[in-house]
Every structure is written in C-alpha cells, then in structure tokens.
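Take a look at the structure set out below.
Chain identifiers are assigned alphabetically (A, B, ...) following the order of the sequence lines, protein sequences preceding nucleic acid strands; residue numbering begins at 1 within each chain.
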2 protein chains.
Amino acid sequence: MGLVVQKYGGSSVADAEGIKRVAKRIVDAKKNGHQVVVVVSAMGDTTDELIDLAEQVSPIPAGREFDMLLTAGERISMALLAMAIKNLGHEAQSFTGSQAGVITDSVHNKARIIDVTPGRIRTALDEGNIAIVAGFQGVSQDKKDITTLGRGGSDTTAVALAAALDAEVCEIYTDVDGVFTADPRVVKKAKKIDWISFEDMLELAASGSKVLLHRCVEYARRYNIPIHVRSSFSGLQGTWVSNEPQGDRKVEQAIISGVAHDTSEAKITVVGVPDKPGEAAAIFRAVADAEINIDMIVQNVSAASTGLTDISFTLPKAEGRKAIDELEKAKTAIGFDSLRYDDQIGKISLVGAGMKTNPGVTADFFKALSDAGVNIELISTSEIRISVVTRADDVNEAVRAVHTAFGLDSDSDEAVVYGGTGR
Amino acid sequence: MGLVVQKYGGSSVADAEGIKRVAKRIVDAKKNGHQVVVVVSAMGDTTDELIDLAEQVSPIPAGREFDMLLTAGERISMALLAMAIKNLGHEAQSFTGSQAGVITDSVHNKARIIDVTPGRIRTALDEGNIAIVAGFQGVSQDKKDITTLGRGGSDTTAVALAAALDAEVCEIYTDVDGVFTADPRVVKKAKKIDWISFEDMLELAASGSKVLLHRCVEYARRYNIPIHVRSSFSGLQGTWVSNEPQGDRKVEQAIISGVAHDTSEAKITVVGVPDKPGEAAAIFRAVADAEINIDMIVQNVSAASTGLTDISFTLPKAEGRKAIDELEKAKTAIGFDSLRYDDQIGKISLVGAGMKTNPGVTADFFKALSDAGVNIELISTSEIRISVVTRADDVNEAVRAVHTAFGLDSDSDEAVVYGGTGR
C-alpha cells in the first residue's frame, strides 16, 4: 500500500457535517494501510464571501493582498479537517501551501507552480500523521509572498504534490460520481466513464467539460500521475484518468469518449477584410495584445468580385467588450468594413482518440446534427476532436442527438447530480 | 518624524466601513511624515465564529490546529486593510506574524514572544510602504509552526514590534477614549487619565482594568516604549502610558491614578487547617500543580483552643471547579476539615504611586467604604495599591464612593462608552 493524495473541493467541506464526513473517509484510507496526503479547498462559499468583502473596501483589489486574503479560506478548512481527524483518534497536521513547499512564480491571482519541495509533508507522514495541505496556494520563489493558483488551483496542488511525493494515485473528490459522456443535466442518459486517457480528457476539458480543468490534467499527464475522479458522497468507483487502464481493470479505449458543450463563448466576425497577406495577423495581433484568449478561427473564401473576405473567431463572452474595443481602435490600420458581435452561440465537441482510425466519425457527427435540424456555423477539428458552433438554443438538442447517434446512451435512467468542483 | 506603530482592535475593523475609516487614519499618519507599522486584530466576531466552527468538529480542538485556524482571522483583516490603503493611493503590504519575524515558543494558544526579527517590515518601510502586520500570531522557533499569543495578544505584538523597530510610540486604538480613573459604566463621573506611569498602569491592569493587559504593559515598560491608548472613532488625545510624561506635556503624577474593580474572581476558604509549618505550602502546591493562578491569600490568626486556622484565597471563577477538585484529592494528605466556595465576591483596588508618601490613603480608603456601608472581607496591599474583597453586590457602590472620596470625580457629566479591545 503506497501513498495516496486525496483532494476535496469546497462543496465536500461546506459545513461542520461535511468536514466530519470527509474526515471519516480519510481515516478509512489510512486504516487501509495508505499514507494519506489531503488537499482541501475553502469551505463552500467562503471564497465568494471574501471576494465580496474585498470589493467593499476597494474596487480593484490588489494582487498580492488579494491572494493574502483568499488564502485565509483554506487555512480555515484545513485546520478544521485536521481537528476532525484527531477527534477520530488519528494524528493529523495541516500545512499551508508555503509550508508544504508549493513554490510558484510571482504572478498573483494566477501563479504557476515551478517547484514542489514537500520536506515537511514527508516528515509528517513518516511520523505517522495524515498531512492536510491547503489547496490553491503557494509562495513565490523570489519574494516569498503568498500566491494563489487561480481557478481549479486546488486540483493542480493535489496533482503537483502527488507527483513530488511519487503517489500511487491522486483522488479528486467532488460532488459528482465522475466524468460523464456528456453533461447529465442536459443528457439524462449520460454514462459515467470508467477510464479515459489523458489526451481525451484534455480535449474534453478544453471543450467545456468542467469536472477537471485542463491545467490539472496536463500536469498529471506530464508526470504520469493517475487521477481518480470520484464522489465524496458515495463509496463508488469514479473515473480513472491515466495513460493506460490501471491494474486488472480491463477497459478498452472507446472510439468516442464523450460529447462536451460550451455556451460561455461569443463570436466576432470581422466583415470586409482585404484578402491580402498580413490582414489576419494584424487582426489577431490586436486581440492578443489585449491578452484575450481566442478559441476557433474561420476565414471565408474571398468573394472574387470584391477581393474582400470575412474572418470569424470565438472567445470568452467576458472578453467580448474588450476585443471589440481593441479592433475598433485598429480599424483604419487593418482596413476592414465593420464588426459583428454574436453572443447567442454554443459549441458542441465530440472527443475520442478512436476517430483517428475511424474515418466515418465526422460524417456521422454531421448527419446526427442534420437529422436533429441543427444548423452549423463554424467547424474546427483536431486529431481526436471535432467541434461545431451552432445557435445557443440548439445546443442541448444537438448534444442529445450526437450522444444517441454514437451509442453513448446509458440503459438505465438514474438521476445524477452534476456540478462544479469548487476550486 | 519617526516610526509609529498603531494597533487596531477587532471592534475598529468590524466591517468594510470600519476598515475604510481606519485606512484613512493610517494614511493621515503617513502624510504627517511618519513611517507607519499597523498591527491589526481579526474583524469583529470572526474569532468567535472560528471557535464555534472548531467546537462543531471537535470537542477539544487541538493546540497546533486551533492556532492555524484562528490566525485566518487576522489574515483577512490585514489583507483588506492593505487593499483599502492602496485604494487611497498609498502603498501598503500585509505580513503574517511569521513574515513579520514574530518568533515565539511552542506553547500553542498562549505562546510567548522570544524574539522579533522584522527584516521584511524594515525593507517594506524603506521602500515607502505602510506595513500591516497580523496581531496575535507568531511562528515557533523550533518547529516553525504557527502559534497564537492568547488573550490581548495583538497589543503585545504591537509593543514587541515597536521595541524591535525602535518606534517613537505604540498607539493602541480602541473603542474608548483612553484609560479612565474608574470604569465609566459604573462611575459616570470617571475621568480620562492624560498620563499614567507604567507601574500604576500595571497595577490597574492586574486589578481588573481591561483597556490594556498586564503583559503588554510589562513588555512596554521593559523596553521603555511609550503607549498611547486612544479611540479609533475620534481624533482626541487619549492616555499616555510611559516612564515620564512626554515632551512638553506638563503632567504631574497624581497621588491616586484610579479605582479598578473585578467581579471575575471567586473565593475558596480552606477550613480547619492545622496551624503548623508546611500546611499552606501543601495547599498552594496542590493548586499550583493544576496551573491555577491565585490572586489574594489571607490566613486567619489561629484559634488558641483548637490549634486550627482557616486559609482563604481568590482565583478566577473559571478555575474554581478545578481547584476544588484538586484540593479534595489532597484532603487527607493536607489534613483540613472542609472547603467553602464563594463566587459572589468582588474586588475593589485603589492604585497610585502617591500612596507611598501619603500615609493617610489607607485610612481614607477604609473610611470611604465604611461610610458607604460596605463590609470588607479580605485586604491585600502593595506599595502602590490597596485591594479589598467585598460582596459582589456592593462593588459598584464601593467604587463610586472611593472615586468621590479621593477627588477623582469629573466636573462634566459626558457620556463615554467603555468596552473591550478585542484581542
């Protein structure tokens, strides 16, 4: 029996009862002979409450101080969790990100882990303790300031510690039973996935699946740390994410892993762009300089009569205003006619390594959408993913149609609850 | 203009409005040319809420984890305060006790400061920042664990930092205007004291005055750091506590500094103690072994007929049960008859260095009590203090009578609010 890293999100430790329930689960793992390291998020709404306080004292909370503030959240949950474990007769010690050796760069509010030196954790484990570590936080290498890792940071803390401690597995406990073939709120017959490869999981995460964030999966793939996503409310096996199916589990890689969707993006169309070299570069340089992340890009065939073309791209809705402003500023320099902004779009993505060797997948995908009467506005593909943009109103119907067409529907009709994982 | 340390209690930073008000005051000090270090307590009821959470997960919260939990409170208030200051256009950085170099022993929940190494604070000040430091907390020298300093710990943090940074003054901001000649809730005509010596302040603190704790004053006296206790709600001068009146303030030392009272103690009488050497030692050894702090001790004259005597002592009510248990256990070994427990007592103390050279003070004190019809049960004296124990019901009347008799009554009848200082 080796070392296990367990991560519990905010919804699992939302109150004293939740903390006591999680403590029992941790002690069970210890009793089974494991060394246990636990990464914990802030309790329930704590982070939102702290952000609200910050906004009351300052309209633009400063990076360094904002991180100092937010890290109070995990300090509370980890200390309470350690107390609850001690109350069950087992030894536990809590550690801040800094004490656990989570070393980051100095980019406050979204720092990146650059090293993990878990000497104190190792000592605590060797002395028979369960180690509780604050997720989401670290300490900057140069200034020794407290940093936070941004959205999904606790998952990344867990995977990074698992890598540094050479753990058998990183268990991500959340309020759903695992990763599903589609969002169960949209597709009632969505199935829990027993095993999925890092590559397919990365594509799902990039396409709108919210159970695991891209960054955490990328880290796990780099260090080859198996992730087990499972519910903190049941004892069921969840979803394993790894290079190969683990141990005696005989799981064949499915042709299609799942269908993801995303309605958080908007589309900008730049109309009447002169069809000559350098125009697309000028457009996307203007957007990139404003640190806006764009997703899909499509350029229409130029109309022969005018020599003009249209370029469309998608980006997070929250950044739409800024992108429009930047493009308007550069309008004369770039020389386009006008801009169109559309935030009533949705994206549906089909993900599966099997599509590399099954040439019919793309055709089947488009047929399923066509049969459901869904009009396609943009298309983008990778080796193991195909994504389309449609009207936002069509997204749910499109996801269901594709899910059924690829034989992903479950036989049973069990109710599953699907939600966020905290941070 | 030199360096000033300011300390704000929990009631001064109870909400966003309070934090913004305090930020303005801090910026004013900076604008006046001072280098400013601010020590801040947790917001309002935060600490009580955290303690409540701890009790929900474990009936006996563990020392190390309990400290980890409680220190989240100052982390929140200090980060918010730094943000509020930056919002006023000034640079501020917040520091945990550990980052500020507050080094303590390893006694969790009531650690003692053994060193202060404020290198990061000095650097922040030299770079033009206002430094905000978490009160009440430190880091243990041997294990590098987070510790808390116990009740009144933030005041001690402030004085210790003022000493280490060679500050001009340590300003303790609270919700009252300063130290008064008596508790204004009891004596309407109590006067604010403009200046008081360390010695008199120590006696007042030991006798029930709650504005400053004994430990903080003791620290300030040892390093000769003037304390200025004042209201965070007004711009008024408060009470200076120092060796000598400061600068051009011509303040004569009063004969009597004030009247303190305390109804938090109980009295235990050990009845029928054989009047022979070693009996008192055996009694107080039993109590001391249980780490109970006793205050006054009185032994009656032995009755010649029986050779037995009674010994009475006072102690905090909260420790009464434990003391009774310890004494009962040692009953046979010590050889007394019985125990009496009385928690309906109060203590009135008159404090003033002038009583050393004014022999009539004691007589005047007893006459004032007698005229007010107050019966005296125990008496204890030091060079600059005289204390008596009475019925709890008589305390308020006794304090008023003594306050008037010694000419301490104010001419005006202004309303003052008197409360705790947080921690």
Side-chain angles (χ1 to χ4, degrees), chain A residues 13 15-23 42-43 46 49-50 52-88 91-96 98-99 120 123 129 132 134 139 143-146, chain B residues 13 15-23 42-43 46 49-50 52-88 91-96 98-99 120 123 129 132 134 139 143-146:
Chain A
V13 292
D15 53 22
E17 285 314 305
I19 287 170
K20 287 196 263 189
R21 191 188 63 243
V22 165
M43 293 170 73
T46 308
E49 288 163 16
L50 292 174
D52 184 51
L53 270 174
E55 287 169 351
Q56 285 179 50
V57 301
S58 174
I60 311 162
R64 179 186 187 277
E65 303 307 323
F66 197 57
D67 281 353
M68 184 70 94
L69 176 73
L70 292 189
T71 53
E74 291 82 31
R75 180 168 280 239
I76 294 169
S77 56
M78 74 183 191
L80 290 171
L81 188 53
M83 289 179 199
I85 291 171
K86 288 165 99 75
N87 198 39
L88 295 174
E91 288 305 312
Q93 288 195 334
S94 65
F95 298 92
T96 64
S98 170
Q99 291 176 335
R120 290 189 69 173
T123 302
N129 287 285
I132 316 289
V139 62
K143 294 189 185 165
K144 309 296 174 213
D145 280 334
I146 304 303
Chain B
V13 291
D15 53 22
E17 284 315 305
I19 287 170
K20 287 195 262 190
R21 193 188 62 242
V22 164
M43 294 169 72
T46 307
E49 287 164 15
L50 292 174
D52 183 52
L53 268 174
E55 286 169 351
Q56 286 180 48
V57 301
S58 174
I60 311 162
R64 180 186 185 279
E65 304 307 322
F66 197 58
D67 281 353
M68 185 69 94
L69 177 72
L70 292 189
T71 53
E74 291 82 31
R75 179 169 283 239
I76 294 170
S77 55
M78 73 183 192
L80 290 172
L81 188 53
M83 289 178 199
I85 290 170
K86 287 164 100 74
N87 197 39
L88 296 174
E91 288 305 313
Q93 288 195 332
S94 65
F95 298 92
T96 64
S98 171
Q99 290 176 336
R120 290 188 69 173
T123 302
N129 287 286
I132 315 290
V139 62
K143 294 187 183 163
K144 310 293 175 219
D145 281 334
I146 304 302

Max heavy-atom pair count under 4.5 Å with chain A, selected residue of B:Leu50, B:Asp15, B:Ile76
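Ranked by heavy-atom pairs under 4.5 Å with chain A, first place is B:Ile76.
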Looking at B:Ala54, B:Ser58, B:Pro59, B:Ala82, which makes the most heavy-atom pairs under 4.5 Å with chain A?
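Top option by heavy-atom pairs under 4.5 Å: B:Ser58.
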Would you mind checking which part of [X] comes under 4.5 Å of any heavy atom in chain B, side chain (CB onward), backbone (N, CA, C, O), both or neither?
X: A:Ile19; value: side chain
X: A:Glu17; value: neither
X: A:Ala23; value: neither

[X] and [Y]: which non-hydrogen atoms are nearest, and at how many Å?
X: B:Val57; Y: A:Asn87; answer: O-ND2, 3.5 Å
X: B:Ala16; Y: A:Gln56; answer: CB-OE1, 3.2 Å
X: B:Ala92; Y: A:Glu65; answer: O-OE2, 3.8 Å
X: B:Phe95; Y: A:Arg64; answer: CE2-NH2, 3.6 Å

Can you tell if the side chain of [X] reaches within under 4.5 Å of the side chain of [Y], non-hydrogen atoms only?
X: B:Gln99; Y: A:Met68; result: yes
X: B:Asp145; Y: A:Arg120; result: yes
X: A:Arg75; Y: B:Leu69; result: no

A:Leu53 side, atom CG; B:Ser77 side, atom OG - distance, nearest 0.5 Å
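It is 10.5 Å, given to the nearest 0.5 Å.
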Drop me the distance from B:Ser98's OG to A:Lys144's NZ, to the nearest 0.5 angstrom.
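The OG atom of B:Ser98 sits 12.5 Å away from the NZ atom of A:Lys144.
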For chain B, the option from A:Ser94, A:Ala84, A:Ala72 that forms the most heavy-atom pairs under 4.5 Å
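Between A:Ser94, A:Ala84, A:Ala72, the count favours A:Ser94.
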With chain B, which of A:Lys20, A:Met43, A:Gln93 has the greatest number of heavy-atom pairs at distances under 4.5 Å?
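Result: the option with the highest number of such pairs is A:Gln93.
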